[in-house]
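Scroll down for the structure; my scribbles are underneath it.
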Number of protein chains: 2
Amino acid sequence: MTTADDTLRAEAGAALANPSAVGLVAVIVAATDGEPRALTVQVPGQATGRGDGLPYGPLVPEHPTLERGLRAWVERQTHQRLGYVEQLYTFGDRDRQGEDSAGLHSLSVAYLALVREMRPAGLAEASWRNWYSYLPWEDWRAGRPEALAEIERKLLAWAEEAVDPKLRRRREDRLGLTFGLCGGAWNEERVLERYELLFEAGLIPEAQGQPGEACNAEVTGQPMAFDHRRVLATAIGRLRGKIKYRPVVFELLPPTFTLFQLQRTVEALSGTELHKQNFRRLVAQQGLVEETENLTSGTTGRPARLMRFRREVLLERPAPGFRLTPSRRQS
Amino acid sequence: MTTADDTLRAEAGAALANPSAVGLVAVIVAATDGEPRALTVQVPGQATGRGDGLPYGPLVPEHPTLERGLRAWVERQTHQRLGYVEQLYTFGDRDRQGEDSAGLHSLSVAYLALVREMRPAGLAEASWRNWYSYLPWEDWRAGRPEALAEIERKLLAWAEEAVDPKLRRRREDRLGLTFGLCGGAWNEERVLERYELLFEAGLIPEAQGQPGEACNAEVTGQPMAFDHRRVLATAIGRLRGKIKYRPVVFELLPPTFTLFQLQRTVEALSGTELHKQNFRRLVAQQGLVEETENLTSGTTGRPARLMRFRREVLLERPAPGFRLTPSRRQS
DNA sequence: CGGCACAATGCTCAATTTGAGCATAAGTGA
DNA sequence: TCACTTATGCTCAAATTGAGCATTGTGCCG
């Protein structure tokens, strides 16, 4: 038997002998007019990779850090400057990575970026898209999305399909857990799990090798190049979780804003509606914002006070954020 | 100007032309006798990489997914089977990655694993270590750790050191935010931020190029090979956050356990003490556990009821976990 | 100009959820 | 039997939630 010592020595060599192709992908999010948007580019090309995609590029040795590399790529590809950036996840499944580059492993390190204003997207090939056009079942702001009716039907059929009763049981459990079927509750953070489930059930056309399965974009959403929809789903889930305990929403808002704009933005991200009065009470008592002396004007209804994010809270409070208080509309 | 189309085509080639060396690292956690432990191996060798380290190995093309690759490596290197595994973070700073492999970028994809029982660690070179021996300032279970007194002194000195008043101000803010100095509060989740701050302040010997700085292991903790202490810090921070909203602690406990064991485990991970009665009330009303018909025996004090984790809650409740209720001991 | 529709804000109230402790029960070892 | 230790039950006041009602400014429309 080899010792750990030998093993480790051998490994150091193996790392250099087995290099991988590493890509950087960005989910760049903005929220204007109360709609959540992601910056997309047009991916030219072959089978799996075509149509809408996320900005991406390879990691090259010139980049001192992954994040710097990402910023460089995005700014060059979309002419969009990035502010807040956080690492999302590293994807590396061989069978999900689109192109199979001759035995080379190819990884994608995905990042989430939040930008304040949305510029008209430098290049014609880059444009802002409402993220719910890719994942329509995630938008519960106007009540239960219609798409869910058909999705449910197909998912239940998929569960039935399993002959092994244990497998069927497991599928049903997952349906309950992720889609709130079979007595479960809808949890807005489980975006990725829902996408993966649909993928496995063959309802996502990106799942190559799957039978065509009349995939209606109205119902199962617009496809994306490569595995980018999965990356998008990861980003949304992460962001929905994060706004609850970190004041990241403000990265999406202009320097001054009304409480209602703030609420609309939170709702856009979380895909739910909130109780207005309680929302403002929460924000107020958390001391996240302070009043300016200005009011809005020219809008219908009573003018609202303009507020400003209190950057100091980043220092004061340990982990300020929002706890969401859904209104009854939920189910 | 090139079009996005051209740019993307060029990039696809660049990815293959600029491969990277990818490594997998694991933070394998267990908690026995109310102490949090990580599995470490002895790293032989040169300057930056020697001494205690985390199990690691290169990603090779045979691995179908990153996670599978990791499992394979760990089982081969430490003879420890893994249960719960989650991806932590991908590290890729060129100047922090120890060995500079001839222009190749080298990344480490880090994973967090939780294991139930701790086997005596297959190989002599692998052993379980209390994770607070590497980060002593993180253990507040017996009140404010002594090490903090000296750390504070040095950190304040470091802040003073800045000539530019703006820089000094920024450093002080960070001290408040991470270490709770200058009027801030201690947040047990900011493990990584604290480590990084110490690193920048030159109190961590792994920061090569830094002046020796009498780094007393009693105070600033035992060093690790490469950047592994940073990986460990990341893992602890993530786990401390996660136990609050997901029932992952049970991955560390035997099939049946007492409420007090459960509490001790949570305390070990979070590094704080909890209020006993309230803790049990919380656990009870969340329905996370159910009674068995057995009691403990042979221990001092009144025997406790043995409990069992209710796996069903994974399906029922949207996101069950613990909200920690610290006892007054905190400051 | 008076009335309407529509937001913004202020405030109330009951139902829960926390945070802290006191009191009792049930073993072990001397 | 006593002293000690840990497990459990229960209480109580303070703080936080969840739902709504009421009032106040504004632009718009006859």
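Below, chains carry the letters A, B, ... as their sequence lines are ordered, and counting in each starts from 1.
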- Whole angstrom value for the distance that separates C1' of C:dA8 from CD of A:Glu291: 12 Å
- Item | Results of side chain to side chain donor-acceptor pair (under 3.5 Å) for B:Asn294 - residues two or more places apart only | none
- Task: Scan residues 258-272 of chain A for pairs that pass salt bridge (charged side-chain N to carboxylate O under 4.0 Å, His left out), counting only residues two or more places apart or in two chains.
- Result: A:Arg264-A:Glu267
- Length of the CE-C1' vector between B:Met307 and D:dT8, whole Å: 11 Å
- Task: Rounded off to whole Å, could you give me the CG-to-C1' distance for the B:Leu259 and D:dG9 pair?
- Result: 13 Å
- Message: How many whole angstroms separate atom CG of B:Leu274 from atom C1' of C:dG19?
- Response: 13 Å
- Query: Rounding to a whole Å, what distance do you find between A:Leu306:CG and C:dA8:C1'?
  - Reply: 13 Å
- Task: Indicate whether OP1 or OP2 belonging to C:dA8 is found under 4.0 Å from a side-chain N or O atom of A:Lys276.
- Result: yes
- Options C:dG21, D:dT17, D:dA22, nucleotide nearest the side-chain atoms of A:Arg281: D:dT17
- Message: Taking the cut-offs as 6.0 angstrom to the six-membered ring centre and 45 degrees off its axis, would you call B:Arg194 and B:Trp186 a cation-pi pair?
- Response: yes
- Task: Take the protein atom CZ of A:Phe279 and the nucleotide atom P of C:dT9, then report the distance between them rounded to whole Å.
- Result: 13 Å
- In whole Å, what is the span from the CD atom of A:Gln277 to the P atom of C:dC13? 16 Å
Polar atoms only, N or O, under 3.5 Å: list the protein pairs with nucleotides 25-29 of chain D and their distances.
{"residue": "D:dG25", "atom": "N2", "partner": "A:Arg302", "partner atom": "N", "Å": "2.5"}

- Against the side chain of A:His275, the closest entry in C:dT9, D:dA19, D:dT17 is D:dA19
- Item | Closest to side chain of A:Gln285, choosing from D:dT17, D:dA19, C:dA8 | D:dT17
- Picking from C:dG21, D:dA7, C:dT9, the nucleotide nearest the side-chain atoms of B:Phe260 would be D:dA7
- Task: Please name all residues satisfying side chain to side chain donor-acceptor pair (under 3.5 Å) with A:Arg308, sequence neighbours left out, ordered by chain then number.
- Result: A:Glu290
- Message: I'd like to check the ring-ring contact (aromatic ring centres under 6.0 Å, His included) partners of B:Tyr132; sequence neighbours left out, ordered by chain and number.
- Response: none
- Message: Suppose we screen for side chain to side chain donor-acceptor pair (under 3.5 Å). Which residues come up paired with A:Arg280, at least two apart in sequence or across chains?
- Response: none
- Message: Among A:Val29, A:Val115, A:Leu114, which residue satisfies the side-chain contact (heavy atoms from CB on, under 4.5 Å) criterion with A:Tyr84?
- Response: A:Leu114
- Item | Rounded interatomic separation in angstrom, taking NZ from A:Lys244 and C1' from D:dT17 | 16 Å
